[in-house]
Amino acid sequence: MALSEFELIKRYFSAITPPRDDVLLGIEDDCALLRVPNGMQLAVTMDTLVAGVHFFPDVDPEALGHKALAVNLSDLAAMGAEPAWVTLALTLPEPDEAWLAGFSRGFAALAQRHTVQLVGGDTTRGPLAITVQAHGLLPAGQGMRRAGARVGDLIYVTGSLGDAGLALRKRRQGSPWEAVGSGLKQRLERPEPRLAAGLALRGIATAAIDISDGLLADLGHILESSGVGAEIHLSRIPLSDEVKTALHEERDWSLP
């Protein structure tokens, strides 16, 4: 017998994330009631992932659960916010229990690592799509906005660039995962939000952004918001060996 919406939520999502003292009322009611501490600001971000657009139909549901939360936590990291609460909306063709179990495992594991509580959401029937809204806290006035860059600033990134882009390109060209490689697959399907770096840079960095569309595109958003220009030395961009090899063969700098 097919699961009802309430049975689905109770079985796979009602208690998968750690409880927080600042959650007065969570997933079991019409609305969540949350306490924002004095002197803190609330940072809110939201992303939607659609099957066939943002992930391959054959993706491991556990990896997808991780990624759906990770891309939102990455936005909080770029603002310098500490993650607190999250909501989840699932559109499902049908309630596949094996898929739901895997998705909730991946989602819960990342939420546990960063003490994020799932406080609400929705489920409905339709083409597979996942929407996550994440909420974070930071001291008032300390958010790392895109508009703060100044002339003379240096540009830094965390980690190597282009790995997920290379994995995506290889898959779209028909390469099996075995040919893509486990390292590149990990960067595409299980990205790691740079939360520790975001918190450490609060009060130091003048501007920040989540690099999800590539260095050129996302740096461009900072430059436009801040009214400054930038000079990039390609030889100093941190790249993995796989991306270096691809660039040597193709000379295509759109990957990073």
Side-chain angles (χ1 to χ4, degrees), residues 45 47-78 83 98-99 101-114 128-132 134 155-198 208-222 232-256:
T45 184
D47 275 295
T48 296
L49 303 179
V50 179
V53 178
H54 302 102
F55 57 89
F56 292 103
D58 62 350
V59 66
D60 173 18
E62 188 169 335
L64 185 58
H66 171 101
K67 184 173 183 176
L69 179 56
V71 296
N72 284 271
L73 297 187
S74 184
D75 287 337
L76 293 181
W99 188 95
F103 180 89
S104 64
R105 277 196 309 272
F107 191 98
L110 187 60
Q112 291 279 351
R113 281 169 49 195
H114 296 291
L128 180 58
I130 302 140
T131 297
V132 174
I155 299 167
Y156 292 88
V157 298
T158 59
S160 59
L161 304 186
D163 299 297
L166 181 57
L168 182 61
R169 175 184 293 181
K170 286 178 176 289
R171 280 289 284 162
R172 284 177 171 170
Q173 292 173 344
S175 299
W177 281 122
E178 293 76 13
V180 172
S182 60
L184 294 181
K185 180 182 180 182
Q186 183 83 358
R187 292 299 299 275
L188 177 64
E189 293 196 339
R190 290 181 176 268
E192 280 297 318
R194 310 291 183 170
L195 288 161
I209 192 170
D210 163 61
I211 304 179
S212 54
D213 295 323
L215 176 61
L216 181 61
D218 287 320
L219 176 59
H221 295 316
I222 287 182
I232 301 295
H233 298 269
L234 298 181
S235 63
R236 301 185 67 178
I237 297 176
L239 305 170
S240 66
D241 291 339
E242 293 91 340
V243 173
K244 287 179 181 178
T245 299
L247 288 175
H248 179 74
E249 294 173 351
E250 303 173 23
R251 308 305 301 171
D252 181 1
W253 281 91
S254 65
L255 278 177

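Please read these numbers as outputs of a predicted model, since none were measured by experiment. Sequential numbering from 1 along the given sequence is applied to the chain's residues.
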Peer 1: Does anything in residues 174-189 pair up under salt bridge (charged side-chain N to carboxylate O under 4.0 Å, His left out), and if so which pairs, sequence neighbours excluded?
Peer 2: D163-R187
Peer 1: Measuring from I222:CD1 to I211:CD1, what's the distance to the nearest 0.5 Å?
Peer 2: 8.0 Å
Peer 1: Would you check, one step at a time, whether the test side chain to side chain contact (heavy atoms under 4.5 Å, CB included) holds for W253 with L216?
Peer 2: CA-CA 10 Å; W253 281 91; L216 181 61; over 6 Å; no
Peer 1: Which heavy-atom pair separates L166 from A246 by the least distance, and what is that distance?
Peer 2: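 Reported closest heavy-atom pair: CD1-CB, 3.9 Å.
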Peer 1: Search all heavy atoms of G159 against all heavy atoms of P238 and return the closest pair with its distance.
Peer 2: O-CG, 3.5 Å
Peer 1: If you compare all heavy atoms of L161 against all heavy atoms of I237, which two are closest, and at what distance to 0.1 Å?
Peer 2: CD1-CG2, 3.8 Å
Peer 1: Please check if the side chain of T245 supplies one atom and the backbone of D241 the other of a donor-acceptor pair under 3.5 Å.
Peer 2: yes
Peer 1: Please round to the nearest 0.5 Å and tell me the distance separating atom CG of L73 and atom CZ of R194.
Peer 2: 13.0 Å
Peer 1: Within the 4.5 Å heavy-atom criterion, are I232 and L219 side-chain neighbours or not?
Peer 2: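 Touching, per the 4.5 Å side-chain cut-off.
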Peer 1: Which residues satisfy the side chain to side chain contact (heavy atoms under 4.5 Å, CB included) test with A51, sequence neighbours excluded?
Peer 2: F55, L128
Peer 1: Taking all non-hydrogen atoms of both residues, which atom of L69 and which atom of F107 are closest, and how far apart?
Peer 2: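 Between these two residues, the closest heavy atoms are CD2-O, 3.6 Å.
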Peer 1: Starting at CG of N72, measure out to OG1 of T45 and round the result to the nearest 0.5 Å.
Peer 2: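 Output value for this atom pair is 5.5 Å.
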Peer 1: Could you measure the distance from the CG atom of D60 to the CH2 atom of W99? Nearest 0.5 Å is fine.
Peer 2: 10.5 Å
Peer 1: Could I get the full list of salt bridge (Lys or Arg N to Asp or Glu O under 4.0 Å) partners for D58, not counting sequence neighbours?
Peer 2: R171
Peer 1: Applying side-chain hydrogen bond (donor to acceptor under 3.5 Å, both in side chains), can you list everything that pairs with D218, at least two apart in sequence or on another chain?
Peer 2: none
Peer 1: If the condition is side chain to side chain contact (heavy atoms under 4.5 Å, CB included), which residues does V71 pass it with, not counting sequence neighbours?
Peer 2: D47, K67
Peer 1: With sequence neighbours excluded, what pairs up with D252 under the salt bridge (Lys or Arg N to Asp or Glu O under 4.0 Å) test?
Peer 2: R169
Peer 1: Which residues pass the side-chain hydrogen bond (donor to acceptor under 3.5 Å, both in side chains) test with H248, sequence neighbours left out?
Peer 2: none
Peer 1: I'd like to check L195 versus P83 (side-chain heavy atoms, cut-off strictly below 4.5 Å). Are they in contact?
Peer 2: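 A side-chain contact exists here, since the closest heavy-atom pair is under 4.5 Å.
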Peer 1: Looking at every heavy atom in both A78 and A208, which two are closest together, and how far apart are they?
Peer 2: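 Where A78 meets A208 most closely, the heavy atoms are O-CB, 3.2 Å.
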Peer 1: Quick one: side chain to side chain contact (heavy atoms under 4.5 Å, CB included) partners of A167, sequence neighbours excluded?
Peer 2: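 Partners of A167 under the side chain to side chain contact (heavy atoms under 4.5 Å, CB included) test: V180, L184, L188.
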Peer 1: Only counting residues at least two apart or in another chain, list the ones meeting side chain to side chain contact (heavy atoms under 4.5 Å, CB included) with E192.
Peer 2: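 Counting only residues at least two positions away or on another chain, E192 forms a side chain to side chain contact (heavy atoms under 4.5 Å, CB included) with H66, R113.
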Peer 1: If I compare all heavy atoms of S74 with all of P193, which pair ends up nearest, and what's the gap?
Peer 2: N-CB, 3.7 Å
